[in-house]
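One structure is given below, encoded as structure tokens.
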2 protein chains.
Amino acid sequence: MRRDSKLSGVLHVLLHMAQQPGPFTSETLAKAMDTNPVVIRRIMAGLREIGYVRSEKGHGGGWTLACDLSKVTLRDVYDALGSPSLLAMGNRTEAPGCLVEQAVNAALDEAFHDAEALLLSRLGEVTLEMLSDDFRKRLGSRKPQGMSAHRV
Amino acid sequence: MRRDSKLSGVLHVLLHMAQQPGPFTSETLAKAMDTNPVVIRRIMAGLREIGYVRSEKGHGGGWTLACDLSKVTLRDVYDALGSPSLLAMGNRTEAPGCLVEQAVNAALDEAFHDAEALLLSRLGEVTLEMLSDDFRKRLGSRKPQGMSAHRV
DNA sequence: TCTCATATAACTTTATATGTTACATGATGG
DNA sequence: CCATCATGTAACATATAAAGTTATATGAGA
């Protein structure tokens with residue numbers, strides 16, 4: 001199954017933005033992400049509605065961070081994307097008349113629910129700031145002489 | 001994203017088979033599952049290789065359970081299906097040169113891994129026999145006067 | 001008013017789960 | 001033996017959704 005990588009993508013964008021003051025055009029971000037500007041606008045739209053980023057049109061426009069990185073968790077970002085389903089597996093039918101299937105669904109649902117809850121909880125423990133710090137640490141150990149530039 | 005329902009489907013088949021002695025033809029099972037016989041053969045192939053079911057050709061042939069239901073867990077069945085990926089989300093790129101993406105991946109991977117581990121652990125706690133017992137309990141409370149037939 | 005940049009709808013591409021058809025193989029019963 | 005039944009499997013078709021692309025509208029500077 002093709003795996004949704006919007007969360008991974010959005011975090012990538014946000015972290016890039018956190019390394020230097022904005023604004024960043026969709027085209028710039030798209031190049032860094034090796035994708036299309038429209039894709040960037042699409043995944044950023046949810047974040048804008050919630051106020052994590054702002055967008056400006058025209059000359060000197062683009063995307064700007066508008067949140068406290070230490071207060072936004074990966075869970076928050078996930079929710080801003082519309083809380084897409086986390087699991088690649090599901091029940092064959094959700095409200096089956098077949099009692100066998102009901103028994104199967106009940107068992108699977110419990111396991112699925114627990115796993116989802118744990119994942120959301122873990123995402124809620126990590127802030128964007130923690131990610132940014134981790135990035136800078138990686139940058140430091142790779143290029144001890146400076147940290148103004150980094151490969152995309 | 002479309003969710004994989006092979007596990008749900010296989011369990012459904014196995015539980016149906018557990019309610020009465022076999023063998024069952026792919027066509028019979030397909031009707032009960034509202035799908036195609038070839039689909040049944042496809043999802044049963046993995047189980048046969050591991051020895052959870054047997055298949056016989058020709059007259060009187062079909063699929064037969066060949067395992068101790070109390071010893072086979074949902075995790076075992078999942079593995080027999082080839083251990084398909086459990087999560088609907090993944091990293092944009094797995095081995096990125098970008099340090100930002102490495103930081104993102106590291107954080108997500110940890111959360112993803114923990115959730116997968118929990119899910120597998122939960123699946124490992126449930127045996128086919130437990131599911132079968134649960135089914136019979138549901139059947140009993142719905143049709144107290146007998147338990148030879150059930151809706152599909 | 002020209003250029004830049006976002007906003008968004010519509011469309012295309014790609015991946016993959018699922019469904020279907022066709023034919024081969026082997027087992028059983030007459 | 002040979003007709004029938006059933007699995008085994010490859011090949012093809014369909015459905016759905018993620019991701020990419022194109023086109024056009026809108027608004028903000030210079």
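Predicted model only: the values in this text are computed from it and were never measured. The sequence lines fix the lettering, A, B, ..., with proteins before strands; numbering per chain opens at 1.
- A/Met44 has its CE atom 12 Å from the C1' atom of C/dT6, to the nearest Å.
- In this structure, A/His12 atom NE2 and D/dA19 atom C1' are separated by 17 Å, rounded to whole Å.
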Checklist entry - Which nucleotides of nucleotides 21-30 of chain D have their base under 4.0 Å from a protein heavy atom (B), which only their sugar-phosphate (S), and which neither (-), written as one string 5' to 3'? => result BB---BBBB-
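- Counting only residues at least two apart or in different chains, salt bridge (Lys or Arg N to Asp or Glu O under 4.0 Å) contacts with residues 72-89 of chain B comprise B/Arg75-B/Asp79.
- What separates CG of B/Leu81 from C1' of C/dT18 is a distance of 15 Å, to the nearest Å.
- Counting to the nearest Å, the P atom of C/dA15 and the CG atom of A/Asp4 are 16 Å from each other.
- Using a 4.0 Å heavy-atom criterion, one finds that B/Gly60 contacts no nucleic acid atom at all.
- For B/Asn91, the side chain to side chain donor-acceptor pair (under 3.5 Å) criterion is met by B/Asp109, not counting sequence neighbours.
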Could you pull out every donor-acceptor pair under 3.5 Å between side chains of residues 112-119 of chain A and any protein atom, sequence neighbours left out?
residue	atom	partner	partner atom	Å
A/Asp114	OD2	B/Arg122	NE	2.6
A/Asp114	OD2	B/Arg122	NH2	3.1

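- Residue A/Glu49 contributes atom CD, which lies 14 Å from atom C1' of C/dT6 at whole-angstrom precision.
- Within the 4.0 angstrom heavy-atom criterion, no nucleotide atom of any strand lies near A/Arg54.
- For A/Ser55 and C/dT6, the shortest distance from a side-chain N or O to OP1 or OP2 is not below 4.0 Å.
- In terms of phosphate contacts, A/Arg48 brings a side-chain nitrogen or oxygen within less than 4.0 Å of OP1 or OP2 of C/dA7.
- For C/dA5, neither phosphate oxygen OP1 nor OP2 lies less than 4.0 angstrom from any side-chain nitrogen or oxygen of A/Thr25.
- Residue A/Lys31 contributes atom NZ, which lies 14 Å from atom C1' of C/dA5 at whole-angstrom precision.
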Show me the side-chain donor-acceptor pairs of residues 36-58 of chain B shorter than 3.5 Å, one per line, residues at least two apart or across chains.
residue	atom	partner	partner atom	Å
B/Asn36	OD1	B/Val38	N	2.9
B/Arg41	NE	B/Ser26	OG	3.3

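- One atom, CD1 of B/Ile43, and another, P of D/dT9, lie 15 Å apart when rounded to the nearest Å.
- Looking at residues two or more places apart in sequence or on another chain, you find no side chain to side chain donor-acceptor pair (under 3.5 Å) involving B/Thr64.
- B/Leu47 has its CG atom 12 Å from the P atom of D/dG8, to the nearest Å.
- In this structure, the side chain of A/Gln19 engages the main chain of A/Leu15 through a donor-acceptor pair within 3.5 Å.
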Checklist entry - Do A/Ser5 and A/Ser8 pass the side chain to side chain donor-acceptor pair (under 3.5 Å) test, and can you show the C-alpha distance, the side-chain angles, and the key distance before you say yes or no? => result CA-CA 5 Å; A/Ser5 63; A/Ser8 172; 6.0 Å; no
